[in-house]
Amino acid sequence: MTPIQYCYEKVKESKSNFTWTFYFISKNRRDALVSLYAFCREIDDIVDNTIDLEVATAKINWWKNEINRLFHETPQHPVTKSLLKFIGTYELNEAYFIEMLDGMEMDLKFNRYESFKQLQLYCYRVAGVVGILCVKILGFKNQGTLKFAHDLGIALQLTNIIRDVGEDARKNRIYIPLDELHQFNVSENDILRFQENKNASNLLIYQIERAENFYKSAYEKIPKEDINSQIPGLLMGKIYETLLLEIKRDRPEQTLNRKVILPPFRKMLVIFKCFFKNKFYALSS
């Protein structure tokens with residue numbers, strides 16, 4: 001198996017919404033995005049699948065050394081071997097990969113976040129940085145597109161947090177800021193015991209509205225000259241935003257006990273509407 005084949009298998013296993021955007025770009029850019037996402041999956045799996053903190057920390061440190069090897073053109077892992085050919089082509093900076101690994105370290109060190117300021121740093125590292133790297137791979141003319149990527153990455157991560165609140169609680173993780181739990185009179189035990197009530201509903205609506213504001217901000221920041229090149233990111237945003245609206249339309253507190261997903265036909269419908277109704281340009285108007 002070649003390095004790029006390994007990456008495609010890794011992405012295929014994840015069953016991510018990410019793959020729905022692959023059909024609209026050239027093979028070289030697609031291979032680069034797949035390699036990047038495979039890297040994200042590799043380091044995310046450390047947090048999800050490694051119980052021992054010392055082992056997980058050692059794995060993160062190994063990847064930091066591997067990134068150093070990558071940028072000295074001596075990678076060892078199939079994912080970094082696949083990334084090597086794209087580093088120079090798309091000007092992918094080493095610092096961004098280290099930021100992502102720092103985000104994974106935050107997951108090892110914290111299972112609670114005191115405030116949104118602290119959470120936003122985490123969201124930037126694990127999602128905003130990925131968005132910026134995707135923009136570089138897809139190509140852009142206006143620096144404002146990097147701001148679009150930053151805000152869209154935060155919006156996507158906040159959507160994940162809202163969707164997975166119950167699933168994370170089962171791992172003793174609460175990503176909703178603790179000061180906001182207090183603000184809405186929701187205790188940590190309410191979350192850990194999956195208590196669906198009016199307070200939890202109000203708390204989650206507040207989280208949803210914040211995510212909606214980040215989507216709005218992202219769409220307002222993308223320059224018109226870069227819309228066509230950024231169609232994959234825009235599609236990802238619209239799919240996740242549709243998921244967010246689905247949660248909002250239903251009882252948001254139900255995410256404590258079930259994971260809301262969009263079936264494939266709904267994702268296809270979102271893509272159809274983007275292409276044949278507003279053609280993306282309404283997003284930045």
Going by heavy atoms in the side chains, are [X] and [Y] under 4.5 Å from each other?
X: Glu212; Y: Leu245; result: yes
X: Val11; Y: Leu33; result: no
X: Ser187; Y: Asp190; result: yes
X: Arg69; Y: Thr80; result: no
X: Cys134; Y: Val130; result: yes
X: Leu244; Y: Lys248; result: no
X: Leu192; Y: Asn189; result: yes
X: Glu9; Y: Val34; result: no

Closest heavy-atom contact between [X] and [Y]?
X: Ala155; Y: Ala211; answer: CB-O, 4.0 Å
X: Phe86; Y: Ser35; answer: CE1-OG, 3.7 Å
X: Gly237; Y: Tyr219; answer: C-OH, 3.4 Å
X: Met100; Y: Cys40; answer: SD-SG, 4.0 Å
X: Tyr90; Y: Lys136; answer: O-CB, 3.6 Å
X: Met106; Y: Gln118; answer: CE-O, 4.0 Å

Please work out which of the three classes, parallel, tilted or perpendicular, describes the rings of [Y] and [X], given edges at 30° and 60°.
X: Phe110; Y: Tyr113; value: tilted
X: Tyr6; Y: His77; value: perpendicular
X: Phe39; Y: Trp63; value: perpendicular

Ion pair [X]/[Y], N-O distance below 4.0 Å:
X: Asp226; Y: Lys221; answer: no
X: Lys171; Y: Asp107; answer: no
X: Arg41; Y: Asp45; answer: yes

Could you grab the distance from atom [atom1] of [X] to atom [atom2] of [Y], nearest 0.5 Å is fine?
X: Phe71; Y: Ile98; atom1: CZ; atom2: CD1; result: 8.5 Å
X: Tyr175; Y: Gln157; atom1: OH; atom2: CD; result: 8.0 Å
X: Leu70; Y: Leu84; atom1: CG; atom2: CG; result: 6.0 Å
X: Leu234; Y: Ile239; atom1: CG; atom2: CD1; result: 11.0 Å
X: Met104; Y: Thr57; atom1: CE; atom2: OG1; result: 13.0 Å
X: Ile132; Y: His150; atom1: CD1; atom2: NE2; result: 6.5 Å

Spell out, as yes or no, whether a donor-acceptor pair under 3.5 Å connects the side chain of [X] to the backbone of [Y].
X: Asn142; Y: Glu225; value: no
X: Asp250; Y: Glu246; value: no
X: Asp52; Y: Glu54; value: yes
X: Gln5; Y: Thr2; value: yes
X: Ser229; Y: Gly139; value: yes
X: Ser82; Y: Pro78; value: no
X: Gln230; Y: Leu138; value: no
X: Arg251; Y: Asn197; value: no
X: Thr89; Y: Lys85; value: yes

- Task: Give the C-alpha distance, both sets of side-chain angles, the deciding distance and a yes or no for ring-ring contact (aromatic ring centres under 6.0 Å, His included) between Phe148 and Phe140.
- Result: CA-CA 11 Å; Phe148 151 78; Phe140 67 101; over 10 Å; no
- Evaluate side-chain contact (heavy atoms from CB on, under 4.5 Å) for Tyr240 paired with Leu152, printing each intermediate quantity in order. CA-CA 10 Å; Tyr240 270 83; Leu152 183 63; over 6 Å; no
- Task: Check Val165, Leu204, Asn202, Leu203 against Pro252 for a side-chain contact (heavy atoms from CB on, under 4.5 Å) and give me the one that passes.
- Result: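 It is Leu204; the other options fail the test.
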- I would like to know whether Asp151 and Lys216 meet side-chain contact (heavy atoms from CB on, under 4.5 Å); could you show each step before the answer? CA-CA 9 Å; Asp151 285 5; Lys216 183 174 183 292; over 6 Å; no
- Item | From CA spacing to verdict: side-chain contact (heavy atoms from CB on, under 4.5 Å), Gln207, Glu180 | CA-CA 9 Å; Gln207 308 305 310; Glu180 293 173 8; 2.9 Å; yes
Starting from [Y], can I reach [X] by hopping between I/L/V/M/F/W/Y residues whose side chains sit under 4.5 Å apart?
X: Tyr215; Y: Ile205; answer: no
X: Leu243; Y: Leu269; answer: no
X: Leu101; Y: Trp62; answer: yes
X: Val55; Y: Val47; answer: no

- Query: Take atom CZ in Arg249; do more than 12 heavy atoms of anything else shown fall under 6.0 Å from it?
  - Reply: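 Yes.
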- Count the heavy atoms belonging to other residues, nucleotides or ligands that lie under 6.0 Å from NZ of Lys147, then report whether that count exceeds 12.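 Atom NZ in Lys147 is not crowded, with 12 or fewer foreign heavy atoms closer than 6.0 Å.
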- Task: Take Glu167 and Arg170, measure what salt bridge (Lys or Arg N to Asp or Glu O under 4.0 Å) needs, and give me the verdict at the end.
- Result: CA-CA 5 Å; Glu167 186 176 300; Arg170 287 170 177 80; over 6 Å; no
- Task: Assess whether side-chain contact (heavy atoms from CB on, under 4.5 Å) is satisfied between Leu92 and Phe97, documenting all intermediate values.
- Result: CA-CA 9 Å; Leu92 307 181; Phe97 290 90; 4.1 Å; yes
- Query: Quick one: is the NZ or CZ of Arg30 closer than 6.0 Å to the six-membered ring centre of Tyr8, and within 45° of its axis?
  - Reply: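 That pair does not qualify as a cation-pi contact.
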- Item | Arg210 and Asn213: side chain donor to acceptor below 3.5 Å |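 Side chains of Arg210 and Asn213: no pair found under 3.5 Å.
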